[in-house]
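If you read the sequence from its start, that first residue is 1, and numbering goes on from there. Numbering of ligands and ligand atoms starts at 1, following listing order.
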Amino acid sequence: MKKFAFVLFFLPAMGAYATESASDLFTTLDQDGNGALTKEEASVDSRLAAVFEQMDADSDGQITRAEFDSFQGN
Ligand SMILES: [Ca+2]
């Protein structure tokens, strides 16, 4: 019974985290707030660093919000 209550309590919270973290991650990592992530900024997040080249669709060395969002959608 305790486990059931635990799941009910945490599932909505985890869902909210999953949907909000994607957009918040970009803002958090964009430390100079210029709307693009450099490889240095992206290196803070190991998952993002691992896919940096794939996410950088035009290979200009920066991930724009558009590149970030379109990659999330894949
Ligand atoms: Ca780019």
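- The shortest side-chain heavy-atom distance between Glu41 and Asp32 falls under the 4.5 Å cut-off.
- The angle subtended at the Ca ion (ligand 1) by OD1 of Asp58 and OD1 of Asp56 is 80°, given to the nearest 10°.
- Among the atoms of Ser59, none of the N, O or S atoms falls under 3.0 Å from the Ca ion (ligand 1).
- When the N, O or S atoms of Asp60 are ranked by distance to the Ca ion (ligand 1), OD1 comes first.
- In this structure the side chain of Val44 reaches within 4.5 angstrom of the side chain of Gln31, judged on heavy atoms.
- Panel note: side chain Asp30, backbone Leu37; no donor-acceptor pair is recorded below 3.5 Å.
- Phe68 has its side chain within reach of Leu25: a pair of non-hydrogen atoms, C-beta onward, lies under 4.5 Å apart.
- Angle subtended at the Ca ion (ligand 1) by Glu67 OE2 and Gln62 O: 130°, rounded to 10 degrees.
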